[in-house]
Amino acid sequence: MRFGSHISIRDGYLGAAKHATKIGARAFQYFPKNPRSLTVKKFNLHDAQDCAKYCKEHDLLTIAHTPYPTNLVADNDQMGLVIESLLNDLEIANACGSIGVVVHFGVLKNASNPLEGYQRMIGTLNDVLSKWDGNALVLLENNAGKSGPTGTTLEELVQIRQLTDYPDKIGFCLDTCHVFASGVWDGDNWREVEEKGLELKFFEHLKAVHLNNSAYPTRSMKDRHANIPNGEIKVEQIKEFLSCTVFDDIPFVLETPHEENYSHEDEIQFLNELMN
Ligand SMILES: [Zn+2]
């Protein structure tokens, strides 16, 4: 299986790809630019293209992740920034040969009407994608529910994609910590989630998984990632999830804590042994 982790671009995009192979990853995720800012980055195109070439030669699949302030239902005064930033992320991801750019499902704070949030999200996506012709997709990620239940279900991801003018430019990224924390997957009901996903044709557009354990129990609505062997999702339940046959050859990317005494390299090795 194609396990990997989030990797820093401290040494550039090519540097990140080389680091991925060094730790035994067959996929990785990176921030195309400063994760704390929406400022458009003048990126090094050669570095990005070298990354794409390297990944092709070494059979690495990659995804990018938008900066944290990217909110698809931002206030009107922020919206221009979000749109420019997301287009910039798509350009970088495209140059790096990545599958797409992960963006969290929007959350509308203090909203009396959730419909307004969905409508604004669709509007933002239409705006961005009308200006985008590259191969990199927007990958909508499910929420954990820490700011309310919006965006926690497979139905919402599927519906938003369908309701935009450009569904072919949109795929999904499923975060296992979030789907567990939200209660959609409680650890024991994967078969039901799988059936629901098949019925909705969710898996056809699932392009990546954020493979994280959860520090908090199911239905806690809390978003705290834990290492695969040490979270509230039991290792057997993770194994059941990974054994599921609905996944294509997609990246399973760790966004888990990593330290010297337990690195992503160790965690990838743990996963490979688990699935062997
Ligand atoms: Zn995630």
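All values derive from a computational prediction rather than experimental measurement. Both ligands and their constituent atoms are indexed starting at 1 by order of listing.
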Legend entry - Test item: Asn44 side-chain N/O and His46 main-chain N/O as donor-acceptor pair under 3.5 Å: yes
Inset, instruction - Just jot down the ring pair (Phe, Tyr, Trp, His ring centres under 6.0 Å) partners of His258, sequence neighbours excluded, or say none. - result: His264
Legend entry - Shared-cluster residues of Val102, by chain and number - hydrophobic side chains joined below 4.5 Å: Leu61, Ile63, Ile99, Leu137, Leu139, Val253
Inset, instruction - Look only at the side chain of Lys18 and the backbone of Tyr54, and say whether a donor-acceptor pair between them is shorter than 3.5 Å. - result: no
Inset, instruction - Please confirm whether Phe105 and Phe172 have ring centers closer than 6.0 angstrom. - result: no
Legend entry - Pairs satisfying salt bridge (charged side-chain N to carboxylate O under 4.0 Å, His left out), at least one member in residues 234-247, at least two apart: none
Legend entry - In the protein, N/O/S atoms that are found under 2.8 Å from the Zn ion (ligand 1), waters not counted: Glu141 OE2, Asp175 OD2, His210 ND1, Glu255 OE1
